[in-house]
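Presented below is the structure to which this report refers.
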Amino acid sequence: MDMLTIGAFAKASRLSPKALRLYDELDLLRPARVDPDTGYRYYAAGQLEQARLVAWLRRLGMPLARIRQVCALEPGPAAREIGAYWAGVEAETAARRDLAAFLVDHLSPSREKDTRMLELRYSALSDTGLVRAANQDSVHAGARVLAVADGCGPGGAPASTAAVGALAFLDDEPLPAGGVLNLLEDAVDGAARAVLDLAQGRGTAGVDATGSTLTALVWTGSQLALVHIGDSRAYVLREGGLFRITHDHTVVQSMIDEGRLTPEEAATHPQRSLLLKALGTAAPVADLRLHDVRPGDRYLLCSDGLSTVVPDEGIERLLAAAPDPDAAVRSLVAAANDAGGPDNVSCVVADVIETAGRAGLRFA
């Protein structure tokens, strides 16, 4: 049997030696022989076809677990599996195209100043779920502030309460005509200090550190100021499409951004809940920006107790079907519990509506 060294096989198959070693470890493409003394890998010429198939499928972006399934099939079923995968890619691409159009519209300067008076109608709900013994989430919906925080560690519940409380005072404070983001940056610094003081007071530094996420929207009367750190999320339902306006601060999201994981692989990754940023660590940097609104927008803030068990398509469907924010939060929490309720789940939903009176915020 003709044998190729790993270097020669890599060149012929257009796969790097590093990739070949990885595929060996994953039982995706085993070498024909391994030298018992040196550990050097040798491949049979007949393995080139499978190696090239693996390379082509990776170029399509197919997750390794699915490539293994395809390689185990006969040609006909394999072709159908690849076709099904690509149909899913095209559907996802269409959704990303809609997101790109949304961002272009969102970031484009308005030609005319919108003089319509707007207000928010909102509702909030937090639930322990079906598995956890206690609820470490906190929610707030007040005169100006909508917020969700997800605590972690031994002091998770007071940490999330402190995080939300550090912004809640803005309900009763006049917002400056300009510089609202500077005000929010100071508020986040206060939240970070409060959570860090709790962690230090409990002696929970290190692996089991007390901390909290924080995702909040602050209503200025014409815009929403976004504050975000961690993996709680903010979405907007606009003109029938759901768009996520936050970026998870997690290890797996960073690996997706770097091209080291696909979203499908990230969904089952053992470190999918590991945060890169959270309140409770030294000098955390939150995402801060202003967000333009439109009449008819519906905003959702949620902890990962919703987003990890209910896919975006399900969230979109429930948000679109609910007649008002109160019905929306109830249906979303129920969906998370119907999916097993493995974590605390918290939601705030707010609708942007036109009003003939003075702009403000009103409970639904």
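Only this structure's heavy atoms are used, side chains among them; waters, hydrogens and symmetry mates stay out.
Taking CG of Leu217 as the start and CG of Leu300 as the end, the distance is 10.0 Å to the nearest 0.5 Å. With values rounded to the nearest 0.5 angstrom, Arg244 atom CZ is found 9.5 Å from Ile315 atom CD1. Between the CD1 atom of Ile245 and the CZ atom of Arg238 there is a distance of 9.0 Å, given to the nearest 0.5 Å. Taking OG of Ser16 as the start and NZ of Lys11 as the end, the distance is 15.0 Å to the nearest 0.5 Å. For the atom pair CD of Gln50 and OH of Tyr23, the computed distance is 11.5 Å after rounding to the nearest 0.5 Å. Here the straight-line distance linking atom CG of Leu29 with atom CG of Leu20 works out to 6.5 Å at 0.5 Å rounding.
With sequence neighbours excluded, the residues satisfying side-chain contact (heavy atoms from CB on, under 4.5 Å) with Asn182 are Glu185. Listed by chain and residue number, Leu26, Leu28, Ala65 satisfy the side-chain contact (heavy atoms from CB on, under 4.5 Å) test with Arg68 (two or more places apart in sequence, or in another chain).
Crowding of Arg30 atom CZ: a count of heavy atoms from other residues, nucleotides or ligands under 6.0 Å exceeding 12. For Arg66, the CZ atom sits in a packed shell: over 12 heavy atoms of surrounding residues, nucleotides or ligands are nearer than 6.0 Å.
The existence of a salt bridge linking Arg193 and Asp189 is excluded, since no basic side-chain nitrogen approaches an acidic carboxylate oxygen closer than 4.0 Å. Using a 4.0 Å cut-off between a side-chain N of Lys or Arg and a carboxylate O of Asp or Glu, Asp343 and Arg132 qualify as a salt bridge.
Looking only at atom types and distance, the side chain of Ser126 has a donor-acceptor partner in the side chain of Asn135 under 3.5 Å away. Asp137 and Ser303 are linked by a side-chain donor-acceptor pair at a separation below 3.5 angstrom, with hydrogens and angles left out of the test. For Thr161 and Ser138, the side-chain atoms include at least one donor-acceptor pair closer than 3.5 Å. Donor-acceptor pairing under 3.5 Å is lacking for the side chains of Arg41 and Tyr43. Side-chain contact annotation: Ser232 with Thr213, donor-acceptor N/O pair under 3.5 Å present.
The two residues Leu167 and Val145 come nearest to each other via the heavy atoms O-CG2, 3.4 Å. Closest of all the heavy-atom pairs between Leu170 and Leu183 is CD2-CD2, 3.7 Å. Considering every non-hydrogen atom in both Leu15 and Ala55, the closest pair reads CD2-CB, 3.6 Å. Gly190 approaches Ala166 most closely through the heavy-atom pair C-CB, 4.2 Å. The two atoms that bring Asn337 and Gly129 nearest to each other are OD1-CA, 3.4 Å, heavy atoms only. The two residues Arg233 and Asp312 have their closest heavy-atom pair at NH1-OD1, 4.1 Å.
A donor-acceptor pair under 3.5 Å links the side-chain atoms of Gln136 to the main chain of Gly153, judged by distance alone. Side-chain atoms of Thr246 come within 3.5 Å of backbone atoms of Ala234 as a donor-acceptor pair (strictly under, hydrogens ignored). Judged by distance alone, with hydrogens and angles left aside, the side-chain atoms of Lys277 form no donor-acceptor pair with the main-chain N or O of Ala286 at under 3.5 Å. When atom types are taken as modelled, the side chain of Tyr85 and the backbone of Met62 share a donor-acceptor pair closer than 3.5 angstrom. In this structure, the side chain of Asp304 does not engage the main chain of Ser307 through any donor-acceptor pair within 3.5 Å. No donor-acceptor distance shorter than 3.5 angstrom exists from the side chain of Gln223 to the backbone of Thr220, with no hydrogens or angles considered.
The side-chain heavy atoms of Ser123 and Asp324, taken from C-beta on, include no pair separated by under 4.5 Å. Two residues are said to be in side-chain contact when any heavy atoms from C-beta on lie closer than 4.5 Å; Ser346 and Asp150 fail this criterion. Side-chain atoms of Leu181 and Leu290, non-hydrogen and from C-beta on, do get closer than 4.5 Å to each other. Side-chain contact between Val251 and Leu276: present, with at least one pair of heavy atoms (C-beta onward) separated by less than 4.5 Å. Considering only heavy atoms from C-beta on, Leu48 comes within 4.5 Å of Ser13 through its side chain. Between Asp257 and His247, the closest side-chain pair of non-hydrogen atoms falls below 4.5 Å.
Hydrophobic clustering, with ILVMFWY side chains joined whenever heavy atoms are under 4.5 angstrom apart, groups Val349 together with Val309. Hydrophobic clustering (side-chain heavy atoms under 4.5 Å, transitive across Ile, Leu, Val, Met, Phe, Trp, Tyr) keeps Leu318 apart from Val148.
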(request) Show the numbers, then the answer: is there a side-chain contact (heavy atoms from CB on, under 4.5 Å) between Tyr299 and Val293? (result) CA-CA 10 Å; Tyr299 288 85; Val293 302; 3.5 Å; yes

(request) Kindly indicate, with the supporting measurements, whether the criterion side-chain contact (heavy atoms from CB on, under 4.5 Å) is fulfilled by Val164 and Val139. (result) CA-CA 7 Å; Val164 167; Val139 295; over 6 Å; no

(request) Decide yes or no on side-chain contact (heavy atoms from CB on, under 4.5 Å) for Leu319 and Leu332, but give the supporting numbers first. (result) CA-CA 8 Å; Leu319 281 176; Leu332 290 166; 3.9 Å; yes

(message) For a side-chain contact (heavy atoms from CB on, under 4.5 Å) check, start with the C-alpha distance between Asp171 and His140, then their side-chain angles and the critical distance, and finish with the verdict.
(response) CA-CA 10 Å; Asp171 278 337; His140 177 86; 2.6 Å; yes

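Aromatic ring centres of His228 and His249: separated by under 6.0 Å.
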